Amino acid sequence: MSSATKPRVRFAPSPTGYLHVGGARTALFNWLYARRECGTFILRVEDTDVERNRPELVDGILASLRWLGLQWDEGPIFQSQRMELYSAAARRVLDAGHAYWCFCAPSSYAGADAAPQEEPDDGAATPATAAPAKPARKSACGCRNLSAGQQAAERAAGKSPAIRFAVPRTGTTRFDDAVFGPREVANEELEDFVLLRSTSVPTYQLGAVVDDIDMRITHVIRGADHLSNTPKQVLLYRALGTEPPAFAHVPLILGPDRSRMSKRHGATSVASYEEEGFLPEAFRNFLALLGWAPGGDVELLSTGEMIEKFSLPGVSRTNAVFDRGKLEWFNQQYLQKLPLDELLPPVERVLRRAGIWRDEWATGAGREWLARTVDLIRPRTRLLPDFAGWARAFFSDEFGYDDAARAKFWKEPRLAEWFPKLADGYAAQPEWNHDACDKTLRDLAAAENVKAGVLINATRVAILGVAVAPPLFDSMVALGRDRVVRRLRAALSHLG
RNA sequence: GGCGCCAUGGUGCAACGGCUAGCACAUCACCCUUUCAAGGUGGAAAUGCGGGUUCGAUUCCCGCUGGCGCUACCA
């Protein structure tokens, strides 16, 4: 494949909020496609909406993209820095006769037949003659047929016009969508959309098309919410003298109630999932399977497998519901299977944040101890913060005793005499390993005529503060003799 | 309202006319087990409704219903 035919795709977020899960998945699919086809992944920031635009949010979006491992090859390119490009393009469309100056105020545009919400009620300022009792076209606006003189008059009256695309009144517009198949719409269904606002700021339609042409985008992979707008853009491409690129619209991600995912469904930004302690690999794997399946029954996919198997036709047309439970399962799987040296850095960050990190764990024997301990703990973790949560006692001497655990395993009153004896036994134990610790405890249990389990469970709470933890004697080895002995004695004052 | 898209268990995906509709999450039970997880085994659970086409429909067509999207000088 020559470089001229290698695909160029782009992800084009607008900085009106954080990177949300839907956008992240769109970015992921673009990235996967680019990697799969050895193409180029471009990042473009669509920040033309001066009203809602929040420049300070850009960094957060880029950070989330990097966190997910979606590195872009070109950009970020900011639309706000190339405004001349858009107005020039609008002029060209105008000169070619495919657009016209519209002097209607946004609110009174004759074609605005149905604003998103309510319905105005006024004597419509439509063309002269009586309404033909026919189509009541959305694109009908008197401005389309204004003479030069009339335009001059409007300008003289102080009105600043917008440039509106003149959608053909007849015919159909068609295009192929890689996931939705061939599409065809009657032009009469399309309204004369604005290209350039009266403020000279381009609309999304203009900006996106002009940039996609300028950046030589070959495949537009974006949310299905743009499917209905695509015919307009196809028309615009042609008016600009270019054939449109390939399109691929991916289904939307919905909340549990099947409505569009929003804040009221809980966390929607990828930053919040990073914050909560999800691993980027797990989050990405989960996202990839929302609206796409590699075929077969595989779910856990490495980056390489994901890239190798990704295909646009394999993308579903059905909207997907974001299932947090499954996300957590993915995270648990990755927590379990990630190579230890890849897991250690994020664990270190969690421990640092909790204020219990110790530098001796950075290298040498300390590092080895950390690795073994993390490996011991991880089968019972679901999120990264668990390491500083229930497993805190492995890393810090400052931990509390879980009330439920005490209630369940510290019922036996004779523990008050057994803990000291056990502590003495461990202090005197010649070797410090799993079997020795096991034997010491069982010997005491036999001598005191109590089931070993009672002592084991009580001891776990004494040295770790929790009931849910790794096997006791492995935990003891990880903690070391001093801590075990000390905690056994300290627990005495916390018994009923 | 208009136009469009979508429709398999609670959820995510398989089955792209042809075995008893499969896998995973969640759920229930059991096994394992010193706790709790993990893991293993098994159970319950779906083709929205109605018409067609066909020897045969989850699959193709139509209608309905439902959900979603677009219908902005938002993206």
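A, B, ... follow the sequence lines: proteins, then strands. Residue 1 opens every chain. Worth knowing before you read on, the calculation uses all heavy atoms, side chains too, and leaves out hydrogens, waters and symmetry mates. Owing to the predicted nature of the structure, the values given are computational and were not obtained by experimental measurement.
A ring-centre distance under 6.0 Å is not found for A/F29 and A/H249. Ring centroid separation for the pair A/F310 and A/W292 comes in under the 6.0 Å cut-off.
No salt bridge links A/R54 with A/D47; every basic N to acidic carboxylate O contact stays at or beyond 4.0 Å. Electrostatic pairing of A/R324 and A/E276 counts as a salt bridge here, judged by a charged N lying under 4.0 Å from a carboxylate O. Salt bridge annotation for A/R82-A/D214: present, with a cationic side-chain nitrogen under 4.0 angstrom from a carboxylate oxygen. A salt bridge links A/E46 with A/R44: the closest approach of a Lys/Arg side-chain nitrogen to an acidic carboxylate oxygen falls below 4.0 angstrom. Salt bridge absent: A/R10 and A/D211 never bring a charged side-chain N and a carboxylate O closer than 4.0 Å. Ion pairing between a basic and an acidic side chain is recognised when a charged N comes within 4.0 Å of a carboxylate O; A/R442 and A/D438 show such pairing.
Annotation: salt bridge (charged side-chain N to carboxylate O under 4.0 Å, His left out) contacts involving residues 446-459 of chain A, sequence neighbours excluded, comprise A/K421-A/E448.
Interface remark: the A/S198 side chain does form a donor-acceptor pair with the B/C73 base, using a distance-only criterion of under 3.5 Å.
Among the atoms of the strands shown, none is found under 4.0 Å from any heavy atom of A/E328. When heavy atoms are screened at a 4.0 angstrom cut-off, A/F286 is found touching no nucleic acid atom at all. In this structure, A/S14 reaches the sugar-phosphate backbone alone: every heavy-atom distance under 4.0 Å involves primed, P, OP1 or OP2 atoms, never a base. Using a 4.0 Å heavy-atom cutoff across all strands shown, A/H249 reaches no nucleic acid atom at all. A/N229 comes within 4.0 angstrom of a nucleotide base, judged by non-hydrogen atoms across all strands. Heavy atoms of A/T16 sit nowhere under 4.0 angstrom from any nucleic acid atom. Counting any heavy atom pair closer than 4.0 Å across all strands shown, A/G291 reaches sugar-phosphate atoms only and no base atom.
Across the P atoms, B/C70 and B/G18 are found 36 Å apart, a figure rounded to whole Å. Taking atom P on both B/U34 and B/C49, the two are 50 Å apart, rounded to the nearest angstrom. Comparing the same atom, P, in B/A44 and in B/G2 gives a spacing of 46 Å after rounding to whole Å.
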Base-contact (B) and sugar-phosphate-only (S) positions in nucleotides 24-40 of chain B, heavy-atom cut-off under 4.0 Å, - elsewhere: BSS-------BBBB-S-

Treat primed atoms plus P, OP1 and OP2 as sugar-phosphate and everything else as base, then score nucleotides 59-68 of chain B 5' to 3': B for base contact with protein heavy atoms under 4.0 Å, S for sugar-phosphate contact only, - for none. --------SS

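Between A/F322 atom CZ and B/C13 atom P the separation is 13 Å, expressed in whole Å. The distance from atom CD of A/Q233 to atom P of B/A72 is 15 Å, rounded to the nearest whole Å. Atom CZ in A/F193 sits roughly 21 Å away from atom P in B/C3 (whole-Å rounding). In this structure, the CG atom of A/L300 is 17 Å from the P atom of B/C13, given to the nearest Å.
At least one side-chain heavy atom of A/F473 sits under 4.5 Å from a side-chain heavy atom of A/L441.
RNA chain B is contacted by no residue of residues 76-90 of chain A, taking any non-hydrogen atom closer than 4.0 Å. Looking at residues 20-29 of chain A, you'll see that no heavy atom sits under 4.0 Å from any atom of RNA chain B.
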In dot-bracket form, how is RNA chain B paired, counting a Watson-Crick or G-U wobble pair only if both its distances are under 3.5 Å and using | for bases paired to another strand? (((((((..((((....[...)))).(((((.......)))))....(((((..]....))))))))))))....

Kindly indicate, with the supporting measurements, whether the criterion side chain to side chain contact (heavy atoms under 4.5 Å, CB included) is fulfilled by A/F419 and A/L488. CA-CA 6 Å; A/F419 276 173; A/L488 234 20; 4.1 Å; yes

Walk me through it: do A/F278 and A/E328 pass the test side chain to side chain contact (heavy atoms under 4.5 Å, CB included)? CA-CA 8 Å; A/F278 284 91; A/E328 289 193 14; 3.9 Å; yes

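Nearest-nucleotide mapping onto RNA chain B: of A/R317 and A/T48, the residue sitting toward the 5' end is A/R317.
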